[in-house]
Amino acid sequence: MVAVGVDAFGGPLRPLRLPVIAAGPGEVLVRVAAAAVNPADLGMVAGRYRWADEVRFPLVPGYDVAGTVEATGQPVVAFTSHKSTQRGGYAQFVTLPAELVVPLPDGLTAVDAAPLPLAGMTALQALDVLGEVDTLLVNGPRGAVGSLIVQLATARGTTVVPADSPGPVDAAVDVVGGAVARAAFDRVRDHGRYATVVPEFWIPGGVFAAERGITPRVVSVRYDRIGLMGLVEQLAAGTVTAKVGAVLPLTDAAQAHRIVGRAEAAPRVAGKIVLVP
Ligand SMILES: NC(=O)c1ccc[n+]([C@@H]2O[C@H](COP(=O)([O-])OP(=O)(O)OC[C@H]3O[C@@H](n4cnc5c(N)ncnc54)[C@H](OP(=O)(O)O)[C@@H]3O)[C@@H](O)[C@H]2O)c1
């Protein structure tokens with residue numbers, strides 16, 4: 001099969017010819033129709049990512065895929081759980097533990113669904129960490145994780161407050177990291193709640209010391225099959241959307257990384273980039 005990956009940290013991302021891994025017991029071979037590009041994929045390629053085991057090369061990045069189960073033709077969406085599996089979505093096929101693979105309802109295309117797993121589960125888990133709050137500030141409400149937090153929080157009856165509005169909030173969630181995180185933290189009322197999805201090792205400069213009775217929490221996504229199935233249902237019902245900004249051929253993965261990494265001269269794209277093998 002054709003995949004895209006790197007032979008060493010730092011790249012370059014290049015097309016690879018790799019064997020298709022036959023599905024073992026409890027595994028599913030997915031024919032990939034769409035693979036979303038996440039900021040984490042850039043970290044994987046750069047060597048800034050933390051895997052459970054020593055990384056194996058060639059490294060094929062990619063957390064989010066949608067396609068069909070090769071054996072049955074069933075449309076599915078899947079989270080590759082790259083941290084533990086090291087099986088990436090930037091490929092024509094990916095072989096995954098069956099629990100990571102979720103059926104796709106009628107009416108949803110692979111491109112619609114591919115951006116959902118990582119960003120959606122992260123958004124759900126950020127809201128779970130914060131618990132019930134009346135007012136919530138999200139400092140990147142147009143990003144993948146941020147926009148899903150806004151949609152899910154609003155559906156729960158929480159008032160989402162713009163970052164540039166005045167006054168304290170019950171809770172804030174940071175999706176940007178670094179120095180920008182501080183402004184969100186500062187808006188939280190005393191004894192309020194604050195969470196970030198951007199750990200210090202990922203983008204240094206965030207604020208993680210407790211202050212004014214607020215204990216910052218760092219969200220590190222974990223796979224949640226029930227949560228993902230719920231998100232897929234909401235996507236199919238049209239009650240949440242995961243915005244797709246561009247659809248590119250898989251072989252343009254390097255260009256997708258330049259766009260996501262906001263490289264000089266790269267075009268700006270609002271929404272997820274989805275790669276199609
Ligand atoms: N902890 C975890 O398990 C986990 C899981 C998923 C993602 N993440 C991390 O969460 C972050 C967001 O991911 P994503 O997929 O949502 O990325 P994304 O779609 O690229 O969104 C990034 C957001 O940050 C905003 N932003 C970037 N730089 C900014 C700045 N200097 N000032 C203000 N806003 C800025 C962007 O705003 P504009 O587009 O308007 O510029 C956008 O809203 C990434 O760092 C990612 O690695 C962590």
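Atoms within a ligand are numbered from 1 in the order they appear, just like the ligands themselves. The figures here come from the full heavy-atom set of this structure, side chains too, leaving out hydrogens, waters and symmetry mates.
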Checklist entry - Considering distance alone, does some N or O of Pro199 sit under 3.5 Å from an N or O of ligand 1? => result no
Checklist entry - Does the pair Leu124 and Leu152 meet the rule for a side chain to side chain contact (heavy atoms under 4.5 Å, CB included), with working shown? => result CA-CA 7 Å; Leu124 269 182; Leu152 296 170; 4.0 Å; yes
Item to check | Closest candidate by heavy atom, reference atom 33 (C) of ligand 1, pool Asn38, Asp174, Val180 | outcome: Val180
Item to check | Closest contact, heavy atoms only, Leu235 versus Thr241 | outcome: CD1-CA, 3.9 Å
Checklist entry - Hey, is ligand 1 close enough to Leu118 that some N/O pair sits below 3.5 Å? => result no
Next on the checklist: Using every non-hydrogen atom in the two residues, find where Gly88 and Val94 come nearest and quote the distance to one decimal.
Outcome noted: O-CG2, 3.5 Å
Item to check | Distance from atom 10 (O) of ligand 1 to nearest protein heavy atom, with residue and atom | outcome: Val197 CG2, 3.3 Å
Checklist outcome for this item: Filtering Val218, Val176, Asp41 for the heavy atom nearest atom 29 (C) of ligand 1 leaves Val176
Checklist entry - Which of the atoms of ligand 1 are close to Gly140, meaning less than 4.0 Å from one of its heavy atoms? => result 43 (O)
Checklist entry - Below 4.5 Å, heavy atoms only, C-beta onward: do Val45 and Leu13 meet side chain to side chain? => result yes
Next on the checklist: We want to know whether Thr196 and Arg217 form a side-chain donor-acceptor pair, criterion being a heavy-atom distance below 3.5 angstrom.
Outcome noted: no
Item to check | Mode of Arg262 contact toward ligand 1 - side chain, backbone, both, neither (heavy atoms, under 4.0 Å) | outcome: side chain
Checklist entry - Can you say whether the rings of Tyr49 and His82 are parallel (under 30°), tilted (30 to 60°) or perpendicular (over 60°)? => result perpendicular
Checklist outcome for this item: The protein heavy atom nearest to atom 12 (C) of ligand 1 is Val175 O, 3.3 Å
Checklist entry - Step by step, would you call Leu248 with Val274 a side chain to side chain contact (heavy atoms under 4.5 Å, CB included)? => result CA-CA 6 Å; Leu248 300 177; Val274 175; over 6 Å; no
Item to check | Test of proximity, Pro39 against ligand 1: N or O pairs below 3.5 Å | outcome: no
Checklist entry - At under 4.0 Å between heavy atoms, which part of Lys243 makes contact with ligand 1: side chain, backbone, both or neither? => result neither
Item to check | CE on Met44 to OH on Tyr90, rounded to 0.5 Å | outcome: 8.0 Å
Next on the checklist: So for ligand 1, is Asn139 a polar contact partner (N or O within less than 3.5 Å, distance only)?
Outcome noted: no
Checklist outcome for this item: Quick look: Val145 vs ligand 1, heavy-atom contacts under 4.0 Å, and the answer is both
Checklist outcome for this item: Rounding to 0.5 Å, atoms CG (Leu104) and CD (Gln74) come to a distance of 8.0 Å
Checklist entry - Would you say Met121 contacts ligand 1, with heavy atoms under 4.0 Å as the rule? => result no
Item to check | Least distance between heavy atoms, Ala78 atom then Leu96 atom | outcome: CB-CD1, 3.8 Å
Checklist entry - Judging by distance only, is a nitrogen or oxygen of Gly143 under 3.5 angstrom from one on ligand 1? => result yes
Next on the checklist: Please evaluate residues Asp174 and Arg182 with respect to the criterion salt bridge (charged side-chain N to carboxylate O under 4.0 Å, His left out), reporting the C-alpha separation (whole Å), side-chain torsions for both, the decisive distance (0.1 Å), and the verdict.
Outcome noted: CA-CA 9 Å; Asp174 163 54; Arg182 178 78 217 186; over 6 Å; no
Checklist entry - Under a 4.0 Å heavy-atom limit, does Val219 contact ligand 1 with its side chain, its backbone, both, or neither? => result backbone
Item to check | Numbering as shown, the atoms of ligand 1 that approach Arg142 to under 4.0 Å (heavy-atom distance) | outcome: 40 (O), 43 (O)
Item to check | Protein residue, atom and distance nearest to atom 5 (C) of ligand 1, heavy-atom basis | outcome: Thr122 OG1, 3.1 Å
Item to check | Least distance between heavy atoms, Ala91 atom then Pro277 atom | outcome: O-CG, 3.6 Å
Next on the checklist: For atom 19 (O) of ligand 1, what is the closest protein heavy atom, and at what distance to 0.1 Å?
Outcome noted: Ala144 N, 2.8 Å
Item to check | Nearest atoms (heavy-atom pairs only) where Ile21 meets Leu29 | outcome: O-CD1, 3.9 Å
Checklist entry - Can you check whether Gly146 has an N/O within less than 3.5 Å of an N/O in ligand 1? => result no
Next on the checklist: Under 3.5 Å between any N/O of Val221 and any N/O of ligand 1: does that happen in this structure?
Outcome noted: yes
Item to check | CA sep, side-chain torsions, deciding dist, call: Asp170, Arg193, salt bridge (charged side-chain N to carboxylate O under 4.0 Å, His left out) | outcome: CA-CA 6 Å; Asp170 290 337; Arg193 298 176 203 160; over 6 Å; no
Next on the checklist: Minimum heavy-atom separation for Arg225 and Leu100, please, with both atom names.
Outcome noted: NH1-N, 4.4 Å
Checklist entry - Between the candidates Tyr49, Tyr63, Trp202, which shows the shortest non-hydrogen contact distance to atom 45 (O) of ligand 1? => result Trp202
Item to check | Lys272-ligand 1 polar pair, N/O distance under 3.5 Å | outcome: yes
Item to check | Numbered atoms and elements of ligand 1 in range of Arg268, under 4.0 angstrom, heavy atoms | outcome: 41 (O)
Checklist entry - Which one holds for Ser220 and ligand 1: side chain close, backbone close, both close, or neither close, with close meaning a heavy atom under 4.0 Å? => result backbone
Checklist entry - Below 4.0 Å from any atom of ligand 1, is there a heavy atom belonging to Ala119? => result no
